[in-house]
A.B. asks: 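Below is one structure. I have some questions about it.
Quick caveat, the model's predicted, so the values are computed rather than measured.
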Amino acid sequence: MLSVLLVTFPFFALVLCGYLAAWRGVLPQPAIPGLNAFVLYFALPCMLYRFGASTPIAQLLDPAVAGVYLLCALLMVGGTVAATRGGRIGWNDAAFGALVAAFPNSGFMGVPLLVALLGASSAGPVIVTMVVDMVLTTSLCIALSRLEGAGAHGAAVALRQALRGVLSNPLPWAIGLGALASALGWGLPGPLDKTVAMLADAASPVALFTIGAVLARSQMNQHDQVPARAYVPVALAKLVIHPLLVWGAGQAAIALGVPLSPFALTVLVLVAALPSASNVSLLAEKYGAHTGRVARIILVSTALAFLSFSAAVALWT
């Protein structure tokens, strides 16, 4: 456990540094979107491209990994909506609560952390989970959020909007270009490859620092009181139920003869054990959901993940 903490500590320490920098005003709030844009449009796409280009195409197109992970994402979404919808929580808030329970922080945190823990071969399964979450899980939850008072037509419109959002997101394009380069054996020219490598190397520390700053900003900008029962159970479900569900589904799939390797299953479980994705709060704000509740779920899951994720690593590796 101590050896695991020695690896995970710097990652969570960078999140804490970003949180404290924003909370104490060292990092002005107007600067946070700039950091986020640098990570989203420059550093992280370069990192994902490099991992995609260096990963065998068979790992990036693994239907067993995608199928097991997607099944568990759907179960998490359905279970969370069923458990939370009712009273003051309608379709909109229930849907984004479900998204934050099913969508781990695999981009900003998962890829660098799991590569550090398990090696570069873990990047392939992580990238597969990112595609599932960005394209399918997110689109489903946005469509569900529009059911409140809008009927099926509202959900269909929201689904089209979500798909347009996917197309404008640089991360799936970076993954796709990396997969294409892997399949065709392409390599970038030397100077361009060096430029991409420099941006990729900046992705991990800046992304983690930005996560902390975004969490601090969400706390400082929320003035309404949210009861703990509205967000703590969802955060715990993300950190405990989600990885256990993936482990159980993976074991069942292997027993049924699905070609899922034990290593890939370990990666999937650890991805599911990550805290909630910080970008869900931005989506919740865009679609008019209760951003205070979503932000608190992300904050609690990130704070608790230092111990819970380290425990999951110690248990499954």
Side-chain angles (χ1 to χ4, degrees), residues 69-106 132-169 211 214-215 217-242 244-245 272 274-305:
Y69 186 79
L70 175 59
L71 172 64
C72 294
L74 295 176
L75 291 174
M76 284 297 296
V77 168
T80 305
V81 169
T84 58
R85 183 174 173 268
R88 293 190 298 175
I89 298 180
W91 275 108
N92 198 15
D93 291 333
F96 280 101
L99 181 59
V100 86
F103 194 165
N105 209 333
S106 47
V132 169
D133 283 326
M134 288 187 295
V135 177
L136 300 176
T137 311
T138 299
S139 299
L140 170 64
C141 287
I142 291 176
L144 290 175
S145 74
R146 301 297 90 188
L147 290 178
E148 197 152 38
H153 178 69
V157 170
L159 185 58
R160 287 196 296 271
Q161 292 175 345
L163 292 176
R164 283 198 296 268
V166 168
L167 294 177
S168 65
N169 187 337
I211 291 172
V214 169
L215 291 175
R217 182 184 61 182
S218 68
Q219 286 297 103
M220 291 186 289
N221 294 343
Q222 296 299 328
H223 305 292
D224 56 326
Q225 295 295 321
V226 183
R229 65 179 181 275
Y231 60 91
V232 172
V234 179
L236 293 177
K238 175 71 203 71
L239 298 177
V240 179
I241 296 178
H242 194 192
L244 289 175
L245 184 62
L274 290 166
S276 302
S278 55
N279 65 306
V280 178
S281 62
L282 302 177
L283 285 173
E285 183 176 356
K286 177 180 179 180
Y287 287 95
H290 195 318
T291 54
R293 175 174 176 261
V294 170
R296 283 167 172 82
I297 294 170
I298 297 170
L299 180 63
V300 170
S301 68
T302 303
L304 295 180

A.B. asks: Do Leu215 and Gln219 touch side chain to side chain, with heavy atoms closer than 4.5 Å?
C.D. replies: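 No, their side chains stay 4.5 Å or more apart.
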A.B. asks: Are the side chain of Ser301 and the backbone of Ser276 linked by a donor-acceptor contact shorter than 3.5 Å?
C.D. replies: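 Here the side-chain-to-backbone pair exists.
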A.B. asks: Quick one, Arg293 and Ile89 - any side-chain contact, counting heavy atoms below 4.5 Å?
C.D. replies: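 Arg293 reaches Ile89 side chain to side chain.
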A.B. asks: Quick one: closest heavy-atom pair of Ala284 and Val294, and the distance?
C.D. replies: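 Of all heavy-atom pairs spanning Ala284 and Val294, the closest is CB-CG2, 4.0 Å.
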A.B. asks: If you round to the nearest 0.5 Å, how far is CG of Asn105 from OG of Ser278?
C.D. replies: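 Here the rounded value is 4.5 Å.
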A.B. asks: If I take atom CG from residue Leu245 and atom CG from residue Leu75, how far apart are they, to the nearest 0.5 angstrom?
C.D. replies: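 Reported value, rounded in 0.5 Å steps: 5.5 Å.
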A.B. asks: Looking only at heavy atoms, which two atoms of Ser139 and Val135 are closest? And how far apart?
C.D. replies: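 Shortest heavy-atom separation between Ser139 and Val135 comes out as OG-O, 2.6 Å.
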A.B. asks: Taking side-chain hydrogen bond (donor to acceptor under 3.5 Å, both in side chains) as the test, write out the residues that go with Thr291, two or more places apart.
C.D. replies: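 If we apply the side-chain hydrogen bond (donor to acceptor under 3.5 Å, both in side chains) test to Thr291, skipping adjacent residues, the hits are Gln222.
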A.B. asks: I need the minimum non-hydrogen distance between Leu274 and Pro104, along with the two atoms involved.
C.D. replies: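 Where Leu274 meets Pro104 most closely, the heavy atoms are CB-CB, 3.9 Å.
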A.B. asks: Roughly how far, to the nearest 0.5 Å, is the OH atom of Tyr287 from the CD1 atom of Ile142?
C.D. replies: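 OH of Tyr287 is found 4.0 Å from CD1 of Ile142.
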A.B. asks: Do side-chain atoms of Thr138 reach the backbone of Asp133 as a donor and acceptor pair under 3.5 angstrom?
C.D. replies: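 Between the backbone of Asp133 and the side chain of Thr138 there is a qualifying donor-acceptor contact (under 3.5 Å).
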A.B. asks: Can you tell me how far the OG1 atom of Thr302 sits from the CD1 atom of Ile297, to the nearest 0.5 Å?
C.D. replies: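 Thr302 OG1 to Ile297 CD1: 11.5 Å, rounded to 0.5 Å.
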A.B. asks: List in chain and number order the residues that pass side-chain hydrogen bond (donor to acceptor under 3.5 Å, both in side chains) with Thr84, two or more places apart in sequence or in another chain; answer none if no residue qualifies.
C.D. replies: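 Applying side-chain hydrogen bond (donor to acceptor under 3.5 Å, both in side chains) to Thr84 gives none.
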A.B. asks: So does Phe103 get a backbone contact from the side chain of Lys238, meaning a donor-acceptor N/O pair under 3.5 Å?
C.D. replies: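 Side chain of Lys238 to backbone of Phe103: no pair is present.
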A.B. asks: Any heavy-atom pair between the side chains of Leu236 and Leu304 that's under 4.5 Å?
C.D. replies: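 Yes; the side chains approach each other to less than 4.5 Å.
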A.B. asks: Which heavy atom of Ala95 sits nearest a heavy atom of Cys141, and at what distance?
C.D. replies: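 Smallest heavy-atom distance, with atoms named: CB-O, 3.3 Å.
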A.B. asks: Of all heavy-atom pairs between Ala102 and Met76, which one has the smallest distance, and what is that distance?
C.D. replies: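 Looks like CB-CB, 3.9 Å.
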A.B. asks: Is the closest side-chain heavy-atom distance between Ser281 and Ile298 below 4.5 Å?
C.D. replies: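 In contact.
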A.B. asks: Would you compute the distance between atom CG of Leu140 and atom OG of Ser145 and round it to the nearest 0.5 angstrom?
C.D. replies: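 Output value for this atom pair is 10.0 Å.
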A.B. asks: For the CG atom of Leu74 and the CG atom of Leu136, what is their distance to the nearest 0.5 Å?
C.D. replies: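 That separation rounds to 8.0 Å.
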A.B. asks: Nearest heavy-atom pair of Ala98 and Thr80: which atoms, and what distance?
C.D. replies: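 Scanning both residues completely, I find the closest heavy atoms to be CA-CG2, 3.6 Å.
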